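These notes concern the structure reproduced below.
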Amino acid sequence: MTPPIIYASAGAAVLCLGLFGFLAARHVLRRILALNVMGSGVFMMLVALAARTDPPDPIPHALVLTGIVVAVCVTALALALLTRMCRDEGSALLPEDRDIE
Amino acid sequence: MGPSEWLSMVMVSVGVFFFIAGSVGLIRLPDVLTRLHALTKADNVGLGFIVLGLSLQAGSLLELMKLLLLWPLALLASSCACYLVAEATLLQSRRGPGARRHVR
Amino acid sequence: MTEFMFLMAAAVLGSVALGLWRVVRGPTRADAMMAAQLVGSGGVAVLLLLSHAMGRAHLVDVALVVVLLAAMVSVAFVRRLGPVRGDDGTE
Amino acid sequence: MSGDTLVLDLVLAGLLVFLAWRLLTLSDLFKATVLFIVFGVLLSLAWVRLNAPDVALAEAAIGAGVTGALVLDALRRLDARGPADEAQPLRLNLPRLVGALLVMGLGAFLLWSVLSLPPGWRGLSSETAAAMPRSGVVNPVTASLLNFRGYDTLLEIAVLMLAVLGVWTLNAEPMPPAEPAGPILDVLVKALLPPMVVVAGYLLWAGGHAPGGAFQGAAVLAAGGILLHLARPFNVANRGVVRLVIGFGFAVFLLVGLTLATLGGRFLELPERHAGILILMIETAAMISIALTFVVLFVGNARDNAGRDTS
C-alpha cells in the first residue's frame, strides 16, 4: 500500500460512482454533477499513476489541468442548456424521463 | 529538538484541539446561530494557533509573510461569511416557518 | 516532527469529516452553507500542516487560493440561495 | 513511507469516495451541490499529496470555486420553478441493476490494471527532463502546457471561447433582480478584491518557476469578478469590447505561432532563446481572456436588470 495505489483505487471507485450516477440519475443537474465526479475519478487515476516516480511525471499533470478547464466549460454550457430547457418546458428532466414515475 | 520546535508543536496541538471543538459544537449545539458561532470562532482560533506555530518554523521571509497575511484574510472572510449566513437565517425566520422562499 | 504534523493534518481532516455530518443532516440550508466555511478553514489548516510536513513552501500559495475562493463561494451561497431581501417588507 | 502519512491518505481517499457516493444519492440537490464543492476542495488536498501542486491550485480555483458558483447559480434558477430535488434519486430497478453490475465490472478491471502496472515505469518524465533546458521555464508543467503541448493549450482556449458562444446563444439566464448589498458584504468585497488581483498576478509570475500559471491566475481573477457580480450585479453584454478581450488570448497565441512559422520555424515551436519571454507574453494575454471568459460564463447574456426575458 503506497499513496499512489490508494488514490488510484479511490479514483477508480469515484469514476465508477460517477459513471453510474450519470447513467441512472434522472434530474439533469445531478447528471451534470455525476459527469464532473466521473471526470475527477479519471484525473485521480492519471495523477496517482504519475506520482509513482519522484519527481512525478509532469505530462499527466498538464493533461489534467487542460481537463479541468475543459470540464468547467462543459459544465457551464450544460447548465445553460438545462436552464433554457427548464424555462421553455418547465421540467428539469429529459423528455424520455418525464412520464416514468 | 530545540525549544522553538517544542513551542510550535504545542501551538499546533492547541490549534487542532480548537478545530475538533468547533466540529463537536457544530454537531452538538441546538440551533443554527449557536452552531455558526461555534464553527466560526473555534475554526478561526484554531487556524490562528496553527499559523503561529508554523510561522516559528518558516524557512524564508517570503513564506513567513505569506503565512501572516493568510490568517487576517481567513479571519475577515469567515467572519463576514458568518454574518451573512446569520442574517439570511434571521430574515428567513422572521418570515415565519411556513413561508415559502420564492424567487421572482 | 514531520510525523507529528502528518498526524495533526489527519486530525483536522477528521474534524472536517465530523462537521460534514451536520451538513448532510441539515436541517436548515444555513447548516449546509456553513460547509464552505468549515472546509475552507479546515482545508487551509491541512494545507499549511502538509506544507511543513512535506517540506514544500509553495503549498502556502494553494492555501491562499483556497481562502479567497472559499470566501467567494460563501457569498455565492448567501446571495444565490439565501432568502431574497425585501420579500417581507422589513428591509 | 511511514504509517502516519498513510493514515492521512486513507482518511482523505475514503472521504472522497464517501462524498462522491453521497452527492449522487442524497435526495436534496442543494445538499448534493454543497457536497460537490466540498469534494472539490478535498480533491485539491489529494493533488497536494500526489505531488501535483499545479493541479491543486487549478482544482481549488476552478474545480471547486468557479464550478461551484456556476452550479449554485443554476440551482437558484431551477428552484424558482419548483423544488429541485428527487424523492429517491438512484433507486434500483432492473435496468439500473444491470448498469450497476456493468459499472462494477469496469471498476474491477480498472483496479486490476492499476495493481498490475510494472513498478519501474517512468512515463514521460525522463523525456520531459531532457527537454526542460530548451523550454525557457523551470516549471515542467508550464513548459508542457505552453511549449511541448502548445497545440492542446491553443485549442483549449478555443474551447473556452466556444463555451461563451454557446452560453450567449442559449441566452438562458435572465439576471435575477438586483438585491441591495448590505454594508458587511461591501466591506468584504472591498477587502478581498485587491488580494485577489495580487494573488492572480503572483500566480501568473510564479508559473515559470513554481506552481501557478495563466489558468490558475485567471480563475482567481474571475473569482474576484464573480464576487463583485454577486454583490453588485453588473452586465457583461455581448458587445464588441467584450468579444475583443475574450478573443485576445487566442489571437496572441495564434499570432505567435504563425509568426514563428513564417520566420522559418514550425507552427508553435518556440525558439530556445526567446521561449521564456514568449511564454510569459502568451500567458499574460491568455490570463486576461480566460478570466473574462469565466466571468461571462457565470453572468450569462443578461441585458436587462429587471429579470425580464431578453430573447
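A note on names: the letters A, B, ... follow the listed sequences, proteins ahead of strands, and every chain is numbered from 1. Not measured: the values here are computed from a predicted model.
A 4.5 Å side-chain heavy-atom check between A:His61 and D:Val141 finds at least one atom pair inside the cut-off. A 4.5 Å side-chain heavy-atom check between A:Ile6 and D:Leu6 finds at least one atom pair inside the cut-off. Side-chain contact check for A:Leu82 versus D:Arg77: every heavy-atom pair is 4.5 Å or farther apart.
Counting all heavy atoms, side chain and backbone alike, D:Val167 lies closest to A:Ala80 at CG2-CB, 4.1 Å. When all heavy atoms of D:Val103 and A:Leu23 are compared, the pair lying nearest together is CG2-CD1, 4.5 Å.
The CG atom of D:Leu155 lies 10.5 Å from the OG1 atom of A:Thr66; values are rounded to the nearest 0.5 Å. From D:Leu170, atom CG reaches atom CG of A:Leu81 across 4.5 Å, with rounding to the nearest 0.5 Å. Atoms CG and CG, from A:Leu29 and D:Leu75 in turn, are 6.0 Å apart once rounded to the nearest 0.5 Å. Here the straight-line distance linking atom OG1 of D:Thr33 with atom CZ of A:Arg30 works out to 8.5 Å at 0.5 Å rounding. Remark: D:Trp47 CH2 to A:Ile68 CD1 distance equals 6.5 Å, nearest 0.5 Å. Between the CZ atom of D:Arg76 and the OG1 atom of A:Thr83 there is a distance of 12.5 Å, given to the nearest 0.5 Å.
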Let's go through D:Gln216 and A:Leu65 carefully: what are the C-alpha distance in whole Å and the side-chain angles of both, what is the deciding distance for side-chain contact (heavy atoms from CB on, under 4.5 Å) to 0.1 Å, and is it a yes or a no?
CA-CA 9 Å; D:Gln216 293 93 337; A:Leu65 254 168; 3.8 Å; yes
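Proximity to chain A (any heavy atom under 4.5 Å) is shown, for D:Ser126, by neither the backbone nor the side chain. Proximity to chain D is limited to the side chain of A:Thr53, based on heavy atoms less than 4.5 angstrom apart. Residue D:Phe109: no heavy atom, backbone or side chain, is found under 4.5 Å from chain A. There is no contact between D:Ile290 and chain A, counting heavy-atom distances below 4.5 Å. The contact between D:Leu124 and chain A is made by backbone and side chain atoms together, counting heavy-atom distances below 4.5 Å.
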Donor-acceptor list for residues 7-19 of chain A side chains, cut-off 3.5 Å, not counting sequence neighbours:
unit_1 : atom_1 : unit_2 : atom_2 : d
A:Tyr7 : OH     : D:Asp9 : OD1    : 2.9
A:Ser9 : OG     : A:Ile5 : O      : 2.7

Can you list, pair by pair, the side-chain donor-acceptor contacts under 3.5 Å of residues 35-50 of chain A, counting residues two or more places apart and other chains?
unit_1  : atom_1 : unit_2  : atom_2 : d
A:Asn36 : OD1    : A:Thr75 : OG1    : 3.4
A:Asn36 : ND2    : A:Ile32 : O      : 3.3
A:Asn36 : ND2    : A:Thr75 : OG1    : 3.1
A:Ser40 : OG     : A:Asn36 : O      : 3.0

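No other option in D:Ala58, D:Pro95, D:Ala13 has as many heavy-atom pairs under 4.5 Å with chain A as D:Ala13. The choice from D:Ala100, D:Gly107, D:Gly63 that makes the most heavy-atom pairs within less than 4.5 Å of chain A is D:Ala100. The greatest number of non-hydrogen atom pairs below 4.5 Å with chain A, out of D:Asn93, D:Leu117, D:Leu115, D:Leu16, is found for D:Leu117. If you tally non-hydrogen atom pairs under 4.5 Å between each of A:Ala34, A:Pro60, A:Cys73 and chain D, the highest count goes to A:Cys73. For the options A:Val64, A:Val69, A:Leu77, heavy-atom pairs under 4.5 Å to chain D are most numerous at A:Val69. Between chain D and the residues A:Ala51, A:Pro55, A:Pro4, the largest count of heavy-atom pairs under 4.5 Å involves A:Ala51.
Paired with A:Ile59 under the rule side chain to side chain contact (heavy atoms under 4.5 Å, CB included), one option of D:Ser125, D:Pro140, D:Ser144 passes, and it is D:Ser144.
Judged by distance alone, with hydrogens and angles left aside, the side-chain atoms of D:Arg96 form no donor-acceptor pair with the main-chain N or O of A:Ala25 at under 3.5 Å.
Shown here is A:Phe22, whose CZ atom has no more than 12 heavy atoms of other residues, nucleotides or ligands within 6.0 Å.
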